[in-house]
Amino acid sequence: MSSASNDLFQAAGLTPQAPTLTAAPEGFKPLADRLRPQSLSEVVGQDHLLGSGGAIARAVGRGFLPSLILWGPPGVGKTTIARLLATSVGYEFQQISAVFSGVADLKKAFEHAQLRRNQGVRSVLFVDEIHRFNRAQQDSFLPYVEAGVVTLIGATTENPSFELNGALLSRCQVFVLKRLDDEAMEKLMKRAEAHLERPLPLDAEARETLKGLADGDGRYLLTLIESLDSMGFEAPLNAEALLQNLQKRRPNYDKDREGHYNLISALHKSVRGSDPDAALYWFARMLQGGEDPLYIVRRMQRMASEDIGNADPMSLLMTNAARETYEVLGSPEGELAIAQALVHMASAPKSNAVYTAFKAAMKTAKDTATLDPPEVIRNAPTRLMKQLGYGEGYIYDPDDPDGFSGQNYFPDGMQRPTFYDPKGEGHEGKTKQRLDYWAQLRDTKQRQRGE
């Protein structure tokens with residue numbers, strides 16, 4: 001074969017020896033593939049990017065495509081959008097998957113893109129699951145993206161901030177794709193019915209249930225529809241019958257990735273926001289995703305101190321008790337004790353006064369680390385220390401008529417700070433009254449002693 005022929009194969013991203021795959025007949029393609037959008041206007045659920053005035057739509061309108069990262073959950077059209085974007089601006093499209101590709105595959109992809117560029121053809125390199133490439137592999141993109149050899153489109157279900165190199169992110173725009181909403185899912189269902197030339201055998205409630213099973217994943221919705229259609233039902237199914245015939249997938253939850261942090265954040269903020277119903281919901285979501293209940297209760301112990309504090313000291317005791325109960329009973333019985341503590345915490349008065357005071361005290365302690373305690377409250381276990389005046393003039397508070405001496409316990413010469421400032425919520429209401437009374441009494445006694 002001639003050198004010119006080789007260049008043509010390479011320019012197309014192929015090798016002369018590579019076998020040609022025969023496209024599957026239409027009837028053998030999955031429904032999701034048969035209904036794959038043929039234009040950007042057919043993509044559902046992403047109007048914030050592709051609709052009039054959307055960021056991607058504006059770029060396509062200018063005939064230029066920057067390197068970008070498409071971040072979103074499964075089944076929302078990342079691969080389809082990447083392919084259609086390349087077509088819209090006249091770029092060659094080459095696709096690889098980070099799951100199956102290595103350094104050698106990347107090198108070939110860059111070489112083919114360079115050949116196409118030499119012929120005046122721009123290339124899109126679409127990398128599915130780009131977060132699965134390690135740091136060194138991600139770095140290999142940089143010179144080719146920087147030089148414009150390829151326009152990179154990466155697709156990921158994981159937060160790019162955590163999974164992608166900062167250098168690569170700085171060369172790409174990140175676009176967030178949304179989970180498909182009810183309207184978008186309904187459009188897909190109607191397209192499927194039009195393609196199949198028959199309505200789905202579902203009553204109104206079962207139709208909503210089917211969309212709920214798909215949970216915002218358009219590809220999975222079409223897979224469920226295809227499975228349902230193959231069963232040959234004539235009479236409409238109700239929701240219960242539908243659930244008996246279709247398997248609900250496991251919740252989309254990965255305990256060491258962003259889904260984990262999003263849900264525990266939602267749980268924490270629901271407690272902080274005094275919403276026991278929302279707190280129970282996110283607790284249940286995490287349990288269904290396979291989260292360790294002990295991780296959740298450890299986070300609750302943090303909430304009890306950070307967000308509730310002395311407004312309701314019982315919260316910390318209840319979370320400790322819930323942990324001990326779960327360690328004895330395990331799942332599922334022990335989960336009820338955690339739920340009990342969770343509802344108590346969400347319903348409790350809130351105060352971060354201790355949390356704020358502790359942070360302020362730590363900063364002040366760092367800034368004044370060389371100051372000594374005043375002599376009056378220093379310990380004097382030896383004669384020399386007594387001769388030096390350690391402990392001289394110390395007032396034993398229980399012997400004071402008021403039970404409060406009002407002595408200065410900060411270093412001499414240091415202006416007295418106020419760290420703990422309760423707002424009066426819950427149990428802290430009485431605490432605030434005592435502190436205000438003692439502050440006035442301290443000023444009075446110190447003036448009387450001439451301090």
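When a residue number appears, it is its place in the shown sequence, counting from 1.
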* Asked: I153 versus L125: any side-chain heavy-atom pair under 4.5 Å?
  -> no

* **Non-hydrogen side-chain atoms of I338 and F283 separated by less than 4.5 Å** => yes

* Just wondering, are more than 12 heavy atoms of other shown residues or ligands nearer than 6.0 Å to CE in M414? -> yes

* **Charged N-O contact under 4.0 Å between E111 and K108** => no

* Looking only at side chains, do H268 and D307 share a donor and an acceptor under 3.5 Å apart? -> yes

* Asked: When you check the side-chain N and O atoms of K423 and S351, is any donor under 3.5 Å from an acceptor?
  -> no

* Do you see a donor-acceptor pair shorter than 3.5 Å between the side chains of Q95 and R83? -> yes

* Could you check whether the rings of F141 and F133 sit parallel, tilted or perpendicular, using 30° and 60° as the cut-offs? => tilted

* Asked: So do the side chains of N238 and E205 get within less than 4.5 Å of each other, counting heavy atoms only?
  -> no

* **K432 NZ: over 12 foreign heavy atoms closer than 6.0 Å** => yes

* To do: Give a yes-or-no answer on whether the side chains of S97 and D128 include a donor-acceptor pair shorter than 3.5 Å.
  => no

* Would S67 and R171 count as having a side-chain donor-acceptor pair, cut-off 3.5 Å? -> no

* **L242 side chain reached by L202 side chain, heavy atoms, under 4.5 Å** => yes

* Is the closest side-chain heavy-atom distance between L188 and I225 below 4.5 Å? -> no

* Among residues two or more places apart or on two chains, list those pairs meeting ring pair (Phe, Tyr, Trp, His ring centres under 6.0 Å) that have a residue in residues 347-395. => none

* **Polar contact flag, side-chain donor to acceptor under 3.5 angstrom, E306-N352** => no

* Identify the two heavy atoms, one from L342 and one from A279, that lie closest to each other, and give their separation to 0.1 Å. => CD2-O, 3.5 Å

* Measure from the side-chain N and O atoms of K350 to the backbone N and O of A348, and report whether any donor-acceptor pair falls under 3.5 Å. => yes

* To do: Identify whether the distance between the nearest side-chain nitrogen and carboxylate oxygen of E291 and R285 falls below 4.0 Å.
  => no

* Check ion pair D443-R447 (N to O, under 4.0 angstrom) -> no

* To do: Would you name the heavy atoms of E208 and D182 that are closest together and state the gap between them?
  => OE1-OD1, 3.4 Å

* Taking all heavy atoms of A192 and all of L35, pick out the closest pair and write down the distance. => CA-CD1, 3.7 Å

* Below 4.5 Å, heavy atoms only, C-beta onward: do R122 and R117 meet side chain to side chain? -> no

* Q407 and Y409: side-chain donor and acceptor closer than 3.5 Å? -> yes

* Asked: Any donor and acceptor pair, going by atom type alone, linking the side chain of Q138 with main-chain N or O of N165 inside 3.5 Å?
  -> yes

* Consider only side-chain N and O atoms of D312 and S315, and report whether a donor and an acceptor are under 3.5 Å apart. => yes

* When you check the gap from the basic side-chain N to the acidic O, do K269 and D275 get nearer than 4.0 Å? -> no

* **Heavy atoms from other residues, nucleotides or ligands near CD of E327 exceed 12 (cutoff 6.0 Å)** => yes

* Asked: Checking K78 side chain against P73 main chain: does a donor-acceptor pair fall under 3.5 Å?
  -> yes

* Check whether any side-chain heavy atom of P411 lies under 4.5 Å from a side-chain heavy atom of D372, and answer yes or no. => no

* **Donor + acceptor pair across side chains of E428, Y420 (<3.5 Å)** => yes

* **Check: Y326/S331 side-chain N/O donor and acceptor closer than 3.5 Å** => yes

* Please determine if K187 and E193 form a salt bridge, counting it only when a charged side-chain N lies under 4.0 Å from a carboxylate O. => no

* Check whether any side-chain heavy atom of V271 lies under 4.5 Å from a side-chain heavy atom of M300, and answer yes or no. => no

* Partner residues of F404 under the ring-ring contact (aromatic ring centres under 6.0 Å, His included) criterion, sequence neighbours left out -> W438

